[in-house]
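Data first, discussion second: the structure below is written as structure tokens.
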Amino acid sequence: MTDTSQTKKENQDVSSEHWMVDALRRMKRNRASVVGAVVVAVLVMMAIFGPYLVLHPPNETDTPRRLEGPSSDYPFGTDELGRCTFSRILAGARISFLMGFISVSFALVLGTILGILAGFYPALDNWIMRCVDVMMAFPAFLLAIAIVAALGPGMESTMAAVGISSVPLFVRMTRSEVLSYREQDFIEATRAVGARDARIMFRHILPNMLSSVVVFATLRLSIAILFAASLSFLGLGAQPPTPEWGAMVSTAREYLTRHPLMAFWPSLMIFIMVLAFNFLGDGLRDALDPRQSDS
Amino acid sequence: MFSSLDRKTVLIAIAVIALGAFAAACAPEVEEDPEDPAEPDEEYDVDATVVMARGTGVETLDIHNTTHVEATNTWSLMGDSLVAFDEDGNLVPLLAEDWEVGPEGLEYTFFLREDVTFHSGHELTAHDVEATFERWLTEEGSPTADDLGEVESIEAVDDYTFQLVLEEPNNAIWNILAARYGSIVNASNIEAEGDSWGTPAADHIDGTGPFELVDWRPDDVMVFERHDDYTWGPPEIYDNTGPAQIARLEYRVIPEDATRVEELLAGTVHLDQMVSRGDLVRIEQSDIINYIEATPASVEFLGFHCQREPFDDVLIRRALAHAINKQEIADVAYEGVSEPATSFLRPGMPGYSAEMAEFNREYDPAKAEELLDEAGWDETEDGVRMKDGEPLEFTLSAFDDEVRLTSAELYQAQAAQVGMDMELDVMESAAMFEHLRAEEHQMFTMGVTIGRRGPDVLRWYHHPDEQPAPNRFYYEDDELVDLLNLQRTTPDEDEQMQAYVEIERILMEDAAWVPVVWRDYIRGFNEQIADPKVDHPVYDGHFKLLDMRMAN
């Protein structure tokens with residue numbers, strides 16, 4: 001994996017092809033990332049079309065048929081209230097995606113802006129980074145729990161909590177990128193022709209570090225999804241009867257010995273989704289931003 | 001590396017290890033000496049530690065500031081009340097060996113036992129009883145102070161005589177004096193501990209009961225040790241009047257039903273008071289667990305804040321009462337262990353009358369829809385009814401234990417079927433009690449163990465004097481208040497019984513609440529616990545574990 005990207009990097013300068021084609025080719029070489037991308041694509045489809053594909057309304061109860069194994073009516077079996085696990089899994093895909101995307105987008109926007117400001121203005125640097133250090137002093141998950149506890153349980157506060165707890169990482173990452181570009185010749189040149197700070201930051205520095213930010217965000221996505229599911233598992237995230245996967249595992253825990261299948265499906269889905277995003281993120285990193293790859 | 005070892009060496013090594021393990025396994029048997037003088041009764045282990053499990057922890061043991069069933073259970077182990085009820089409901093002596101009642105039923109004189117000591121060694125006198133009542137009646141926020149009615153005086157006449165004088169008769173007086181929150185406390189202990197008394201921060205919470213609290217880690221475990229001087233257990237209730245026949249008791253908090261059963265099966269917990277029916281199959285297959293089927297315990301109900309939207313409209317309360325399928329709740333959430341309730345008071349309990357079933361609102365979604373139409377809430381395409389552009393939505397506040405949570409989700413689904421959008425607000429017990437006391441609820445679900453407390457519990461829940469706790473309903477009706485007062489003061493038993501019927505009628509007619517199930521509990525216990533007549537902490541007024549023995 002590393003060898004391939006290194007070789008590619010050497011070739012990069014002489015290649016006349018567009019960088020995206022190049023990146024795509026690099027990605028294709030990495031089998032895990034292709035698998036990741038395909039699975040993510042399938043999951044995205046699930047999230048978009050899932051609610052139209054369900055066999056039963058996800059919250060519809062059928063108590064005489066509770067805790068049943070798979071059947072033609074209920075392909076994945078039923079839960080403790082006789083709800084269709086298959087339909088709930090499908091409906092849950094959208095929730096997990098939304099929670100992951102919204103919280104990471106929040107962290108991305110806020111973190112990038114703060115990171116650029118910190119990197120660009122030495123006067124602000126100390127203030128912003130010391131605040132970031134304070135936040136980094138708490139384990140991220142503990143910070144997320146504390147934020148949910150303060151905001152009250154629910155999906156909105158879970159997204160806010162996961163987002164806020166990821167902000168410091170984005171700030172650090174973007175700041176270091178900005179620092180590396182700030183003193184380079186092309187920035188000096190832009191400054192020399194009289195460009196204003198805002199223009200330099202957002203038209204010249206930001207596009208250059210975009211690939212790193214995207215890679216980082218993809219990798220954070222899997223962690224954000226896992227955090228959101230964990231918070232729901234603890235009863236702090238999605239509230240009943242929302243078919244959130246983490247919350248489904250939490251309920252199923254009580255029935256683990258009697259009906260293990262109930263816990264199996266949502267756990268499997270969380271596992272697949274997180275793994276797929278990790279594969280994809282690794283692949284993207286190798287393809288877009290070879291400098292970051294593990295050696 | 002292994003290939004270099006010859007096979008014989010490996011076999012010898014395995015044999016040595018296996019032998020060692022075998023020897024280790026046999027060792028305790030070898031050490032056991034049947035003639036051991038430390039064990040006078042070979043059959044039972046008087047030094048045993050019994051581990052019990054419960055689902056929820058206790059936030060406070062300040063007995064004058066809580067009605068939480070687990071707090072009162074704990075006090076039953078740690079303390080004693082003046083009197084008690086036996087299995088058949090007869091009044092029997094406990095700390096008071098005798099008593100006299102004045103001619104008009106207003107003066108109560110108690111003659112105390114003279115051999116009672118607290119865990120600290122302090123001897124019980126009438127001054128402790130006086131101080132207990134003083135605190136009970138005056139403690140700020142005491143949810144039970146009003147139970148005694150208007151009290152004219154409390155007085156320690158001499159060291160072993162205590163007198164209580166009421167301003168008006170109180171039919172429930174014996175139930176209240178025998179209740180576990182009527183435990184007698186040590187005044188000097190309270191004074192010494194100050195504000196920390198009754199909390200985990202206290203060094204010691206002194207009582208006269210058969211077990212002394214020696215360690216308390218909230219939401220984890222309470223550890224008790226035997227009170228060796230205890231000899232005053234009522235012989236009408238217990239074969240053994242004391243001291244207890246086990247040395248130590250650990251009362252652990254294990255919130256998950258499935259985990260409690262796992263521990264029971266693993267033998268790390270000896271007694272679980274609330275085995276879920278779903279796990280019963282596994283218990284039946286187990287050699288080491290016995291169980292007692294379905295002991296009547298409590299009534300679970302839905303309550304409305306009757307002065308808050310949307311439940312200030314009686315039609316909506318009635319509609320919801322008809323939308324609730326109690327049979328489904330009993331079958332699914334309670335796994336068939338409990339029966340659907342047709343009245344608040346349950347059969348077999350004082351005050352119950354068969355007439356009460358007539359007032360029950362049957363499950364009838366069509367009727368519920370009719371009532372909602374009548375109230376002006378129109379059906380819409382997305383299923384949630386609307387009125388004046390507002391959807392019919394509200395929040396149910398519920399405890400977070402497994403059974404309550406499952407019930408809550410069913411209520412939600414059942415309400416949705418008639419076009420009501422019910423949100424859930426699920427809380428752990430301390431937060432829930434606080435939430436209700438702060439009057440933040442629209443509707444709530446809860447259970448109450450009536451037991452020896454008797455039907456006077458109706459007054460608790462519906463008398464305006466009892467707001468904000470335990471009266472969390474805010475249902476106000478003059479006739480109801482008169483009846484609640486009457487049932488307490490009338491000397492005529494028929495009139496009293498008739499009052500209960502009328503109270504049930506009014507409350508069901510206006511749907512101030514919906515009794516949902518009469519809850520029963522299954523108790524699972526390790527076969528080492530020799531006496532299956534283990535006290536039931538929930539229903540019975542007594543829970544002292546004096547007869548509990550652990551087999552060797």
Side-chain angles (χ1 to χ4, degrees), chain A residues 51 56-69 78-85 87-88 91 145 148-158 231-244 246-263, chain B residues 55 254-262 264-266 276-283 285-286 325 327-336 382-383 395-417 421-428 431 435 440:
Chain A
H56 305 268
N59 293 334
E60 187 185 83
T61 60
D62 180 6
T63 49
R65 300 194 56 181
R66 60 196 296 256
L67 300 174
E68 269 186 17
T78 58
D79 69 4
E80 87 285 7
L81 298 177
R83 296 176 295 201
C84 173
T85 305
S87 306
R88 289 176 71 74
I145 289 179
V148 179
L151 296 177
M155 290 216 281
E156 294 80 9
S157 35
T158 302
L231 285 172
S232 296
F233 179 81
L234 295 177
L236 297 170
Q239 295 298 301
T242 317
E244 205 278 336
M248 288 167 74
V249 179
S250 172
T251 315
R253 192 177 42 145
E254 280 288 320
Y255 302 89
L256 207 56
T257 46
R258 290 158 66 190
H259 190 50
L261 216 50
M262 194 176 144
Chain B
I254 306 175
E256 299 86 7
D257 291 351
T259 314
R260 282 203 307 279
V261 169
E262 276 321 311
L264 196 58
L265 290 170
S276 77
R277 165 60 65 102
D279 292 305
L280 204 54
V281 185
R282 302 183 57 230
I283 287 182
Q285 288 165 351
S286 155
N325 183 349
Q327 187 68 53
E328 190 179 44
I329 305 281
D331 288 347
V332 176
Y334 294 86
E335 310 242 14
D382 73 340
T395 304
L396 169 69
S397 308
F399 290 96
D400 64 352
D401 59 286
E402 195 56 29
V403 171
R404 259 69 168 269
L405 187 58
T406 312
S407 311
E409 286 190 71
L410 284 171
Y411 295 138
Q412 192 175 39
Q414 291 167 358
Q417 283 185 340
D421 184 8
M422 183 192 284
E423 296 259 311
L424 301 183
D425 191 358
V426 178
M427 285 162 272
E428 50 91 23
H435 169 84
E440 289 165 350

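Order of the sequence lines sets the chain letters (A, B, ...), proteins ahead of strands, with each chain counted from 1. Small disclaimer: the values here were computed from a predicted structure and weren't measured.
Judged as a salt bridge (Lys or Arg N to Asp or Glu O under 4.0 Å), and not counting sequence neighbours, the contacts of B:Glu262 are B:Arg282. Remark: A:Glu80 engages A:Arg83 in a salt bridge (Lys or Arg N to Asp or Glu O under 4.0 Å) (not counting sequence neighbours). Looking at residues two or more places apart in sequence or on another chain, you find a ring pair (Phe, Tyr, Trp, His ring centres under 6.0 Å) between A:His56 and A:Tyr74.
Among the residues in residues 401-414 of chain B, those with a non-hydrogen atom closer than 4.5 angstrom to a non-hydrogen atom of chain A are B:Glu402, B:Leu405, B:Thr406, B:Glu409, B:Leu410, B:Gln412, B:Ala413.
In this structure, chain B has heavy atoms under 4.5 Å from both the backbone and the side chain of A:Thr63. Contact of B:Glu335 with chain A is made through the side chain alone, with heavy-atom distances under 4.5 Å.
In this structure the side chain of B:Leu424 never reaches within 4.5 angstrom of the side chain of A:Gln239, judged on heavy atoms.
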